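The structure appears below as structure tokens.
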Amino acid sequence: MQLLIISALVLVTTVARPLIHGQAISYWANSMVNKSWELAQFDLDPFNLTDMCVECKKENTDSLFFDCSIKFNWDDPNDQQSCSCEDHWQWDGITQAQGPTNNYSTDYLVCKDDKAELFQFKFVDVFDLSNFSLSLTHMYEDVKNFPTPTITNMFSQPNITLNLMSKSNTSMTYSPACDCPIRANITGMTI
């Protein structure tokens, strides 16, 4: 009987201890919550895409496919780095969905990889040549937002709207309405 009472006292003391530990956790959590939210936020400028052009050409009107390309310059003001991007694909001039008659890439295409940083993009949705979205990622060593250099991957998924600038039976060209940059807001970051 005495052994049962001693066991019960030890059990009550052991079970009661997590309350003290819980209070310590609660104090620690409250002190973290009360810190400035600025510690968890970044002041990131959008990527700037300039000189964007989508162009499709075919040899003659009897050719089945247009040879299409997208070209643009990409500036990341957060890292003060930039690059040029380009991709080529074939299109029948009608099909909107990605496939054998509109084979734009849905895999990431590397614009710049110099071992210190990586710029890459891919098409996400292509409704037509004047209305599509891209996925942009820029991976680099961030010394601005972290106390020690940290590899970060900034990404964005802008919707792009271009104007038809010229069209004939064998070519079409799309570009922005103004000579201003397309601003692609940073939508996320991984570290």
Side-chain angles (χ1 to χ4, degrees), residues 41-114 117-140 142 145 152-191:
Q41 295 182 358
F42 300 94
D43 184 21
L44 300 172
D45 294 318
F47 296 143
N48 292 311
L49 309 179
T50 58
D51 301 324
M52 184 172 285
C53 180
V54 174
E55 193 169 42
C56 293
K57 295 180 179 181
K58 57 181 171 177
E59 295 293 320
N60 57 55
T61 55
D62 294 333
S63 298
L64 293 177
F65 291 100
F66 286 94
D67 291 317
C68 297
S69 66
I70 183 171
K71 297 177 185 177
F72 60 94
N73 296 322
W74 178 357
D75 175 54
D76 183 352
N78 302 295
D79 186 36
Q80 298 183 3
Q81 295 293 322
S82 60
C83 67
S84 295
C85 298
E86 186 171 347
D87 186 29
H88 300 272
W89 71 97
Q90 290 190 322
W91 178 48
D92 66 1
I94 301 167
T95 306
Q96 291 182 347
Q98 198 274 350
T101 57
N102 189 7
N103 65 356
Y104 62 86
S105 179
T106 56
D107 294 327
Y108 277 104
L109 303 160
V110 175
C111 302
K112 179 180 181 181
D113 182 2
D114 65 3
E117 64 184 331
L118 174 70
F119 283 86
Q120 58 186 0
F121 82 100
K122 71 176 181 176
F123 285 101
V124 178
D125 294 311
V126 179
F127 304 106
D128 62 49
L129 296 179
S130 67
N131 184 12
F132 55 89
S133 59
L134 297 174
S135 177
L136 306 164
T137 69
H138 180 206
M139 188 180 304
Y140 63 96
D142 190 342
N145 293 306
T152 61
N153 186 19
M154 308 285 184
F155 51 94
S156 176
Q157 191 169 328
N159 293 318
I160 310 291
T161 302
L162 302 176
N163 288 353
L164 178 62
M165 304 308 272
S166 66
K167 184 174 183 174
S168 71
N169 290 335
T170 59
S171 71
M172 55 189 89
T173 303
Y174 295 85
S175 63
C178 67
D179 212 12
C180 52
I182 297 169
R183 298 172 59 80
N185 291 325
I186 307 295
T187 55
M189 174 196 322
T190 59
I191 57 172

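Below, each value reflects all heavy atoms present in this structure, side chains not excepted, and no hydrogens, waters or symmetry copies. The first residue of the sequence shown is numbered 1, and numbering continues consecutively from there. A quick note: this is a predicted structure, and the numbers were derived from the prediction, not measured.
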Test item: Ile182 and Phe47 side chains (from C-beta on) under 4.5 Å apart, heavy atoms: no

Run the side chain to side chain contact (heavy atoms under 4.5 Å, CB included) test on Lys112 and Asp114 for me, step by step, so that the C-alpha distance in whole Å, both residues' side-chain angles and the decisive distance to 0.1 Å come before the verdict. CA-CA 6 Å; Lys112 179 180 181 181; Asp114 65 3; 3.6 Å; yes

Is it true that a side-chain atom of Ser84 and a backbone atom of Trp74 form a donor plus acceptor pair closer than 3.5 Å? no

Return the set of residues passing salt bridge (charged side-chain N to carboxylate O under 4.0 Å, His left out) with Lys167 (not counting sequence neighbours), or none when no residue passes. none

Chi angles and distances behind the side chain to side chain contact (heavy atoms under 4.5 Å, CB included) call for Asn73, Leu49: CA-CA 6 Å; Asn73 296 322; Leu49 309 179; over 6 Å; no

Residues Thr137 and Gln120: side-chain donor-acceptor under 3.5 angstrom: yes

Lys122 meets the salt bridge (charged side-chain N to carboxylate O under 4.0 Å, His left out) criterion, sequence neighbours left out, with none

Which pair of non-hydrogen atoms, one from Val124 and one from Leu134, has the smallest distance, and what is that distance? CG2-C, 3.8 Å

Tyr174 vs Glu55, side chain to side chain contact (heavy atoms under 4.5 Å, CB included): CA-CA, chis, key distance, verdict: CA-CA 6 Å; Tyr174 295 85; Glu55 193 169 42; over 6 Å; no

When you measure from the side chain of Ser168 to the backbone of Thr170, do you find a donor-acceptor pair of N or O atoms at a distance under 3.5 Å? yes

Lys58 to Phe66, cation-pi by 6.0 Å centre distance and 45° axis angle: yes

Can you measure from CG (Asp128) to CG (Leu162) and round to the nearest 0.5 angstrom? 9.5 Å

Around atom NZ of Lys71, are there more than 12 heavy atoms from other residues, nucleotides or ligands closer than 6.0 Å? no

For residues Tyr140 and Asn153, determine if any side-chain heavy atom of one lies less than 4.5 Å from a side-chain heavy atom of the other. no

Please state whether the sulfur gamma atoms of Cys83 and Cys85 sit closer than 2.5 Å to each other. no

Check: Gln157 side chain, Ser135 main-chain N or O, donor-acceptor pair, under 3.5 Å: no

Taking atom CG of Asn60 as the centre, report whether more than 12 heavy atoms of other residues, nucleotides or ligands fall under 6.0 Å from it. yes

Does Leu44 form a side chain to side chain contact (heavy atoms under 4.5 Å, CB included) with Met189? I'd like the steps, not just the answer. CA-CA 10 Å; Leu44 300 172; Met189 174 196 322; 4.0 Å; yes

If you draw a 6.0 Å radius around CG in Asn169, do more than 12 non-hydrogen atoms from other residues or ligands fall strictly inside? no

Kindly compute the distance separating OG (Ser130) from CG (Leu164), expressed to the nearest 0.5 Å. 8.0 Å

On a heavy-atom basis, the closest approach of Cys53 and Thr173 is SG-CG2, 3.8 Å

Has the side chain of Ser156 got a donor or acceptor atom that lies under 3.5 Å from a matching backbone atom of Asn185? yes

Measure from the side-chain N and O atoms of Asn78 to the backbone N and O of Asp45, and report whether any donor-acceptor pair falls under 3.5 Å. yes

Report the distance from atom CD of Gln96 to atom OG1 of Thr101, rounding to the nearest 0.5 Å. 11.0 Å

Short side-chain to backbone donor-acceptor contact, Asn163 and Met165, under 3.5 Å: no

Ring centroid separation Phe132 to Phe123 under 6.0 Å: yes

Hey, are Ser105 and Asp107 close enough side-chain-wise for a donor-acceptor pair under 3.5 Å? no

Report yes if the side chains of Leu136 and Phe119 come closer than 4.5 Å at any heavy-atom pair, otherwise no. no

For the residue pair Asn159 and Ser133, what are the closest heavy atoms and their distance? OD1-CB, 3.3 Å

Is a side-chain donor or acceptor of Glu117 paired with a backbone partner of Met139 at a separation under 3.5 angstrom? no

Does any N or O in the side chain of Asn103 come within less than 3.5 Å of the main-chain N or O of Gln90, such that one atom is a donor and the other an acceptor? yes

What's the separation between atom CG in Leu64 and atom CG in Asp92, rounded to the nearest 0.5 Å? 9.0 Å

Set of disulfide bond (SG atoms under 2.5 Å apart) partners for Cys56, sequence neighbours left out: Cys68

Taking the inter-plane angle between the rings of Phe72 and Phe121 on a 0 to 90° scale, is it parallel (under 30°), tilted (30 to 60°) or perpendicular (over 60°)? perpendicular

When rounded to the nearest 0.5 angstrom, what distance separates CD1 in Ile70 from CG in Asp87? 8.0 Å

In Å and rounded to the nearest 0.5 Å, what is the CE to OG1 distance from Met154 to Thr190? 9.0 Å

